[in-house]
Amino acid sequence: MVDQFPQALSIAGSDSGGGAGMQADLKTIQERHVFATTVLVAITAQNTLGVKDAFPLPTKIIDEQFAALDEDLQIKACKTGMLADVTRVKAVVANLKKYDFGPLTLDPVMIAKGGAPLLSEDAVIVVRDELLPLATIVTPNLPEAEKLTGQTINTTDDMQMAAKKLQNMGVQNVIIKGGHFENDNQSSDFVLLSNGRSFWLSAPRVNTANTHGTGDTLSACITAELAKGNSVEQAIKISKQFVDATIRDGIKVGHGHGPLNHWAYRKVEANAEV
Ligand SMILES: Nc1ncnc2c1ncn2[C@@H]1O[C@H](COP(=O)(O)OP(=O)(O)OP(=O)(O)O)[C@@H](O)[C@H]1O
Ligand SMILES: Cc1ncc(CO)c(N)n1
């Protein structure tokens, strides 16, 4: 079959406030010049002040979204975000086993920045045991890496140890995001690749409250780059620069943890071309 325009898939929850979740994924994938498709798993009533309510969708309509995409589109990479609970995680796992949507970036979304649960406690084990082995890359933040590995993470050595543990659980590539190390003047993420290579990606920490959707944006950018055929290492490096620009060149929207500036990387690219 002749290759079509690159297409990527976000399997996630909706953030009505537009800053995180599926909305962040759509904006990011579009910015990377990839066609974005979606399987909506849950709807949240949310703004920059917090999550007011969440409604997981029936598995029938989740299955039907996957089937509709498989019938018609040529998806080259996919990601998961908010998956809500055991029922929805199992539905997503079954569909990812049934259809080939390319490499999976697993963003194990558990708790929103304001503290609201986006994944039930009992679903963590199902993500670890059933979804993780299907993933090409997993992108936990520090609390998520702690939950998945069962170890506490206080130091950079702990991050490296946790990454190795995650790889031993069956995922090929790992990036542990350091955004939650708030007493550090750098925001450093640890990367461990399937070939054993590892490295840190660091950027000076931006002193801002507007970091709603940073994790979603990073994982969506990785997904878009993989859909274009880039290697995991290339995809991760571009995505760190992309998310950094969206935080650094901030915008003011809402009254709480504000969203990112999803078009900021255009300026970085334009300057690089001069
Ligand atoms: N204040 C900051 N300054 C610079 N980079 C940051 C900052 N906060 C987060 N980052 C970067 O953003 C990316 C996402 O990391 P983070 O740990 O915030 O993800 P997350 O907690 O999953 O985000 P969210 O739950 O809001 O989607 C990482 O590359 C991290 O280093
Ligand atoms: C729907 C949704 N997905 C993910 C996140 C995490 O950023 C959020 N706040 N809301």
Side-chain angles (χ1 to χ4, degrees), residues 10-28 38-57 79-84 88 105-119 138-148 153 156 159 175-191 200-222 235-250 254 256-262 264:
S10 162
I11 304 158
S14 163
D15 167 11
S16 53
M22 181 154 289
Q23 284 79 353
D25 292 351
L26 286 171
K27 290 170 191 182
T28 303
T38 59
V39 167
L40 190 60
V41 173
I43 300 170
T44 68
Q46 186 176 172
N47 57 27
T48 66
L49 300 170
V51 178
K52 316 290 168 180
D53 203 359
F55 177 71
L57 292 177
K79 68 157 276 189
T80 53
M82 174 188 179
L83 297 178
R88 282 6 88 161
T105 300
L106 164 52
D107 185 2
V109 170
M110 294 181 191
I111 295 174
K113 284 240 157 77
L118 300 172
L119 184 75
V138 68
T139 67
N141 62 24
L142 295 178
E144 291 158 358
E146 288 185 328
K147 286 257 178 194
L148 288 170
I153 303 179
T156 50
M159 279 169 86
I175 173 168
I176 300 190
K177 301 170 291 189
H180 291 245
F181 263 142
E182 278 176 5
N183 50 2
D184 201 341
N185 59 8
Q186 294 281 311
S187 195
S188 303
D189 310 331
F190 181 68
V191 180
W200 288 90
L201 287 175
S202 296
R205 181 173 292 282
V206 184
N207 185 13
T208 175
N210 300 338
T211 55
H212 183 52
T214 45
D216 314 79
T217 298
L218 183 84
S219 56
C221 192
I222 292 171
I236 291 173
K237 286 181 173 166
I238 294 168
S239 301
K240 175 68 174 175
Q241 289 176 16
F242 182 90
V243 75
D244 185 63
T246 66
I247 302 167
R248 208 161 290 283
D249 192 359
H257 282 288
L260 308 174
N261 176 357
H262 277 103

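Quick caveat, the model's predicted, so the values are computed rather than measured. For ligands, and for the atoms within them, numbers begin at 1 and follow the listed sequence.
Looking only at distances, a side-chain donor or acceptor of T44 sits under 3.5 Å from a matching main-chain atom of S14. Under a 3.5 Å cut-off, the side chain of R205 and the backbone N or O of S188 do not form any donor-acceptor pair. Although no hydrogens or angles enter the test, the distance criterion places a donor-acceptor pair under 3.5 Å between the side chain of E146 and the main chain of I153. Remark: side-chain polar atoms of R248 are not paired, donor with acceptor, to backbone N or O of A264 under 3.5 angstrom.
Ligand 1 places these atoms under 4.0 Å from at least one heavy atom of S187: 4 (C), 5 (N), 6 (C), 7 (C), 9 (C), 10 (N), 11 (C), 30 (C), 31 (O). Close approach to D216 involves these atoms of ligand 1, each under 4.0 Å from a residue heavy atom: 27 (O). Close approach to K177 involves these atoms of ligand 1, each under 4.0 Å from a residue heavy atom: 14 (C), 15 (O), 17 (O), 19 (O), 20 (P), 22 (O). Under a 4.0 Å criterion applied to the non-hydrogen atoms of L118, ligand 2 contributes the atoms 4 (C), 5 (C), 6 (C), 8 (C), 9 (N), 10 (N). Within the listing of ligand 2, atoms 1 (C), 3 (N) sit less than 4.0 angstrom from a heavy atom of M82.
No part of R248 comes within 4.0 Å of ligand 1, judged by heavy-atom distances. Counting heavy atoms under 4.0 Å from ligand 2, residue A24 does not touch it at all. Of the heavy atoms in I247, only side-chain atoms (C-beta onward) come closer than 4.0 Å to ligand 1. Only side-chain heavy atoms of D189 come within less than 4.0 Å of ligand 1; its backbone N, CA, C and O stay farther off. The residue V51 has no part lying near ligand 2, judged by heavy-atom distances below 4.0 Å.
Polar contact check, Q46 against ligand 2: a nitrogen or oxygen pair lies under 3.5 Å apart. Backbone and side-chain nitrogen or oxygen atoms of N141 are examined, and one is located within less than 3.5 angstrom of a nitrogen or oxygen of ligand 1. In terms of polar-atom proximity, H212 is not counted as a contact of ligand 2, lacking any N or O under 3.5 Å from an N or O of the ligand. For the pair H180 and ligand 1, the shortest N or O to N or O distance falls below 3.5 Å.
When the shell of 6.0 Å around NZ of K27 is examined, it contains more than 12 heavy atoms from other residues, nucleotides or ligands.
Here the heavy atom of the protein found nearest to atom 25 (O) of ligand 1 is K113 NZ, 4.2 Å.
Results of the side-chain hydrogen bond (donor to acceptor under 3.5 Å, both in side chains) test with T214 over K113, K177, H257 single out K113 as the only residue that passes.
In this structure, T211 is part of the shell of residues with a heavy atom less than 4.0 angstrom from ligand 1.
Separation of atoms CD (Q186) and OG (S202) is listed at 5.5 Å; rounding is to 0.5 Å.
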